[in-house]
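Notes for the one structure printed next.
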Amino acid sequence: MLGQTYHAEFAWVGREVVRDVRIDVADGRITTVAPGASPSPGATRLAGLTLPGFANAHSHAFHRALRGRAQGPGTFWSWRERMYALAGRLGPDQYRALARATYAEMALAGVTCVGEFHYLHHPPDGASYDDPNEMAHTLVAAAAEAGIRITLLDTLYLTSTVDGGELVGPQRRFGDTSVDAWADRVARLAVPSHARVGVAAHSVRAVPAPLLPEVVAVAAGRPLHVHLSEQPAENEACLARYGRTPTQVLAEAGALGPATTAVHATHLSDVDITLLGGSRTTVCLCPTTERDLGDGIGPARALADAGCPLALGSDSHAVIDMCEEARAVELDERLRSQQRGHFAVADLVDAATRRGHAALGWTDAGSIAVGARADLVTVRLDTVRTAGYDDPVAAVLFAATAADVTDVMVDGRPIVHNGRHQLVEDVPGALASAIKAVWK
Ligand SMILES: [Zn+2]
């Protein structure tokens, strides 16, 4: 790969905005970061604020087909019925087109890596495709087509309730017959260099507590993700079955730690927060989904104070906008406390970039630094939302949207230029046709 020189008007380096930054890129890595440089001839100018690539640490790509179609009244549980109806309809070809378009939307929003929490494994009858990993390969290929990296979090899903209920209806597509069958399938999942394999236990609803240590063994230090306490009903069922909260169940199974990411972590006790923080478990907040589903507001500040790194995900893709996810972490705390200023802007950027990449196993991504993967996201500062700023990063974090992202580089490769995806010509058209094909 040829080397390339960029000149960023502003860039996020370390934990601050610096001006006139020369960034050299070679072989997918950043080789020079020089603030205060004069633009060299031949340098590609990046007007606006250039940030490290965003990591979308929690995604279910197929949920994108619910946008604009599932805003009816009800609860998380009635929304889930709609989601199951969708899950029952997707074949590999439809899923490929939908995931490609969804990941292309992510790229336009500055996402350079996605964590795909993947549980739609099997055909509707719950048997197996000829290639048991067909759906996983579909997602990995879709990410390549959209130009982003992916960590495929292959998810174990065995039961429908904490009490061990059988999988019924579309849930049969999610289930492997045993931990061993799942582990065997995961062991056979080989992926190219833009992808990595991690694992997930869907939740304490879907994986019985006695089996969790086996999941930890299969993870073997790779990223291990789990939905945690998104709904009070999950906590109540878990307490009734095990006499412990979901967090306590995970802790006793040895499932918490720096390689683990707990997704949502909305309804927690003080003991839960201490266990998560003390084990340095990452918590992935998904504020736009949590607000869309009426889940509640997670204790983000308390978790960070206890020692949890925070990451962000767009989860159900009610919207795909990492600036919106990041500012919601602060703004939700303001609504709860009636006070401002809970998180430094630098910590919000960290959650959207470095922490998310680390949670997905890409510890060499998410910062503009020599040796890091060359993932760059440039956000305009002269749009109707951002014009008139004093502090570029405050303008971006608190007012910009995905529509203000103009240029995105992934591993040194320009994927978005001047607001246009370079690999998927018509992303709205691709979304519309993929979603139409699913619901027809
Ligand atoms: Zn989820």
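Counting starts at 1 for both ligands and their atoms, in listed order.
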Check your understanding: Out of Asp375, Asn56, Thr353, which residue meets the side-chain hydrogen bond (donor to acceptor under 3.5 Å, both in side chains) rule with Thr112?
Key ->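 So, applying the side-chain hydrogen bond (donor to acceptor under 3.5 Å, both in side chains) to Thr112 and each of Asp375, Asn56, Thr353, only Asp375 qualifies.
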**Study point:** Atom name of the N, O or S atom in Asp315 that lies nearest to the Zn ion (ligand 1)
**Key:**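 Asp315's closest N, O or S atom to the Zn ion (ligand 1) is named OD1.
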Check your understanding: Any N/O/S atom of His227 sitting less than 2.8 Å from the Zn ion (ligand 1), backbone or side chain?
Key ->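 Yes, since at least one N, O or S atom of His227 sits under 2.8 Å from the Zn ion (ligand 1).
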Review point. Do any of the N, O or S atoms of His60 sit under 2.8 Å from the Zn ion (ligand 1)?
Key: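 It does: His60 brings an N, O or S atom closer than 2.8 Å to the Zn ion (ligand 1).
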Exercise for review: Check the angle between the aromatic planes of His118 and His121 and answer parallel, tilted or perpendicular using the 30° and 60° thresholds.
Suggested key: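 Rings of His118 and His121: perpendicular, as their planes differ by over 60°.
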Review point. Who passes side chain to side chain contact (heavy atoms under 4.5 Å, CB included) against Ala432, sequence neighbours left out?
Key: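 Residues passing side chain to side chain contact (heavy atoms under 4.5 Å, CB included) with Ala432: none at all.
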**Study point:** Sequence neighbours excluded, every pair satisfying salt bridge (Lys or Arg N to Asp or Glu O under 4.0 Å) that has a member inside residues 49-71
**Key:**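 Qualifying pairs, neighbours excluded: Arg64-Glu105, Arg67-Glu105.
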